[in-house]
2 protein chains.
Amino acid sequence: MSLATLRSPRKRKGHGAERRQEILDAAMVLIAQQGVHAVSTREIAAAVGISQPALYAYFATRDDIMAELCEQAFESLRTRLENVGDLEPGESTVRLMCRAYLAFGLEQPNAYRIAFMIEKPSHDPDHDPAGDRALAAGVATYSVFRRQIERCALAGLTRHVDVDLLTQTGWATLHGLVALMIARPSFPWAERDRLMAAHIDHFVRAIMASPSGSAGK
Amino acid sequence: MSLATLRSPRKRKGHGAERRQEILDAAMVLIAQQGVHAVSTREIAAAVGISQPALYAYFATRDDIMAELCEQAFESLRTRLENVGDLEPGESTVRLMCRAYLAFGLEQPNAYRIAFMIEKPSHDPDHDPAGDRALAAGVATYSVFRRQIERCALAGLTRHVDVDLLTQTGWATLHGLVALMIARPSFPWAERDRLMAAHIDHFVRAIMASPSGSAGK
DNA sequence: ACTGATAGGTTATCAGTGATAAATGATGAT
DNA sequence: ATCATCATTTATCACTGATAACCTATCAGT
């Protein structure tokens with residue numbers, strides 16, 4: 001009818017959840033290109049081909065988009081950890097899981113940032129559905145990690161048997177290296193591969209009862 | 001909150017570096033109260049009693065204020081690590097240093113955030129004086145940490161003798177726990193004291209040659 | 001075929017942000 | 001007393017996330 005409305009390259013009508021995922025995908029691509037803080041709602045909307053307020057039909061706030069991406073990042077890491085498989089519990093499996101974790105963080109720093117390093121300003125004690133779902137995804141990922149440790153603990157391979165304590169300090173150990181290397185790339189780090197290998201050695205040495213870790217170089 | 005009401009009566013001319021530090025102090029207080037992201041340049045200016053553009057006579061950008069606070073946070077941590085003292089090198093000294101690190105991070109989360117968890121959007125290859133000074137302060141703090149590890153290494157108390165590798169993975173280990181607990185407080189963490197103690201045990205176990213770490217709970 | 005409801009979208013606008021330019025005002029030297 | 005200087009202010013810019021109000025297809029029901 002009115003040709004004047006064709007000025008902008010308006011796209012077809014999205015079918016509900018499709019467009020929702022379109023938005024998430026566009027946001028992730030932009031974030032991967034420009035970093036988390038540099039992407040605005042207007043850029044995301046333009047990438048999808050809709051106006052900026054249209055986003056708010058699918059997400060209550062910008063942070064909700066981030067929370068959803070956080071959830072997806074957690075699930076990405078979770079499948080990666082699950083792909084380590086249910087080999088027999090032992091040091092080599094633990095090493096594989098550590099490698100998978102570090103690889104995820106260093107290969108997809110933006111996903112890692114969103115999952116672990118973006119602080120949510122929401123301190124509302126009110127319901128925060130998006131944040132809750134992200135937290136649940138984080139706990140689910142944690143559970144995969146924990147399961148491997150637990151199997152080692154049940155086999156008597158760990159230094160002690162408080163599985164949550166082992167898992168949390170172990171996870172924190174891995175997170176520390178990834179987070180610091182992402183947040184402070186200017187620091188004069190040692191060579192990456194040696195650093196990763198040493199860190200995994202330290203992990204195994206800290207957690208396992210009788211590690212076969214290389215003691216020297 | 002109306003910013004105008006927070007504004008103290010206009011002050012007299014500032015005396016160079018005095019006012020500069022006034023700004024930094026006000027910024028740090030506000031950040032400690034409201035968090036890093038929630039503090040605007042207008043709030044900082046109002047707290048000092050000047051107009052918002054007046055800040056730019058002392059700092060080129062808001063990020064420069066943050067970089068300066070980052071530098072001060074690093075120095076605060078450095079003195080804390082130095083206060084561990086130059087006792088004889090050994091496991092107990094290392095434990096003290098770990099405790100000092102974790103205590104700093106958990107007691108002053110905002111200073112810790114500024115020092116380690118705020119990513120600078122400046123990717124300019126151009127000169128970035130403020131960022132450079134912050135990095136230098138970080139390296140200086142790293143050196144204090146490194147010195148203790150080095151003394152242990154020279155005494156033959158560490159698992160191997162690549163001091164930078166030991167220090168960097170060790171530092172990352174400590175950072176991981178602090179950063180995760182700060183960034184994800186909603187996670188169902190184990191009890192804090194036990195977690196800290198276990199983490200320090202893991203650190204010692206990973207770094208030292210013959211740790212006396214408690215093996216059970 | 002008309003009606004109304006509704007999903008999906010738009011334009012216009014708001015308050016707040018970091019930052020800049022130009023006008024103001026006090027200070028200190030001459 | 002005059003003038004230059006510099007700290008500081010007012011006014012403003014472009015941009016941000018978010019809201020209000022208004023269009024416009026599409027579709028179900030009579």
Side-chain angles (χ1 to χ4, degrees), chain A residues 1-23 26-27 30-31 34-69 118 120-122 124 128 130, chain B residues 1-23 26-27 30-31 34-69 118 120-122 124 128 130:
Chain A
M1 281 280 185
S2 59
L3 299 178
T5 60
L6 291 178
R7 267 184 313 155
S8 62
R10 177 174 167 183
K11 292 194 176 180
R12 73 177 197 285
K13 274 196 174 179
H15 291 65
E18 279 184 31
R19 175 135 294 175
R20 187 184 166 86
Q21 191 59 44
E22 268 187 82
I23 294 171
L30 288 172
I31 285 174
Q34 316 179 19
V36 182
H37 308 287
V39 178
S40 68
T41 53
R42 282 170 178 80
E43 281 179 279
I44 298 172
V48 180
I50 59 179
S51 69
Q52 178 250 358
L55 294 178
Y56 292 83
Y58 301 92
F59 301 92
T61 71
R62 189 199 122 112
D63 286 333
D64 275 18
I65 300 180
M66 296 306 170
E68 192 102 0
L69 289 177
I118 303 291
K120 311 157 195 172
S122 81
D124 307 2
D128 173 13
Chain B
M1 65 199 77
S2 66
L3 299 181
T5 58
L6 293 177
R7 183 158 173 182
S8 53
R10 175 179 164 184
K11 295 191 176 181
R12 278 287 169 192
K13 182 181 176 182
H15 293 67
E18 281 184 28
R19 173 139 297 177
R20 189 182 164 85
Q21 190 58 43
E22 265 186 85
I23 294 171
L30 287 172
I31 286 173
Q34 315 179 19
V36 182
H37 307 288
V39 178
S40 69
T41 54
R42 282 169 178 81
E43 281 179 280
I44 298 172
V48 179
I50 60 180
S51 70
Q52 178 249 359
L55 294 178
Y56 292 83
Y58 300 94
F59 301 92
T61 71
R62 189 199 121 111
D63 286 334
D64 275 18
I65 301 181
M66 295 306 171
E68 192 102 0
L69 288 178
I118 304 291
K120 311 157 195 173
S122 81
D124 308 1
D128 173 12

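Residues B:I50 and B:R19 are in side-chain contact: their nearest non-hydrogen atoms beyond the backbone lie under 4.5 Å apart.
Remark: P of C:dG18 and CZ of B:R62 are 6 Å apart, rounded to the nearest angstrom. Whole-Å rounding puts the A:Q34 CD to D:dT16 P distance at 10 Å. Taking atom CE of residue A:M66 and atom C1' of nucleotide D:dT16, one finds them 13 Å apart after rounding to whole Å. Going from atom NE2 of A:H37 over to atom C1' of C:dG18 covers 16 Å, rounded to whole Å. Going from atom CD1 of A:I65 over to atom P of D:dG17 covers 9 Å, rounded to whole Å. Atom CD1 of B:I23 is separated from atom P of D:dA7 by 12 Å (rounded to the nearest Å). As rounded to whole Å, 10 Å separates atom P of C:dA19 from atom CG of B:L55. Taking atom CD1 of B:I50 as the reference point, atom C1' of D:dT8 lies 9 Å away to the nearest angstrom.
Take the nearest nucleotide of DNA chain D for A:A38 and for A:A60: the residue whose nucleotide is more 5' is A:A38. Of the residues near DNA chain C, A:R42 and A:A54, the one whose nearest nucleotide (by heavy atom distance) lies more toward the 5' end is A:A54.
You'll find that the side chain of A:Y56 is closest to D:dA18, out of D:dA18, D:dT9, C:dA19. Taking every side-chain heavy atom of B:P53 into account, D:dT10 is the closest of C:dT17, D:dG17, D:dT10.
Both distances falling under 3.5 Å, in either a Watson-Crick or a G-U wobble arrangement, place D:dT30 opposite C:dA1.
Across A:Y58 and A:I23, no two heavy atoms sit closer than the pair CD1-CD1, 3.7 Å. The two residues A:T41 and A:L55 make their nearest non-hydrogen contact at O-CD1, 3.3 Å.
Contact annotation: B:Y58 side-chain N/O to D:dT8 OP1/OP2 distance is under 4.0 Å. Listed pair B:S40 / C:dT17 meets the phosphate criterion, a side-chain N or O lying under 4.0 Å from OP1 or OP2.
With sequence neighbours excluded, the residues that form a side chain to side chain contact (heavy atoms under 4.5 Å, CB included) with A:A67 are A:A130.
The main-chain N or O of A:S40 is found under 3.5 Å from a side-chain atom of A:E43 such that the two form a donor-acceptor pair.
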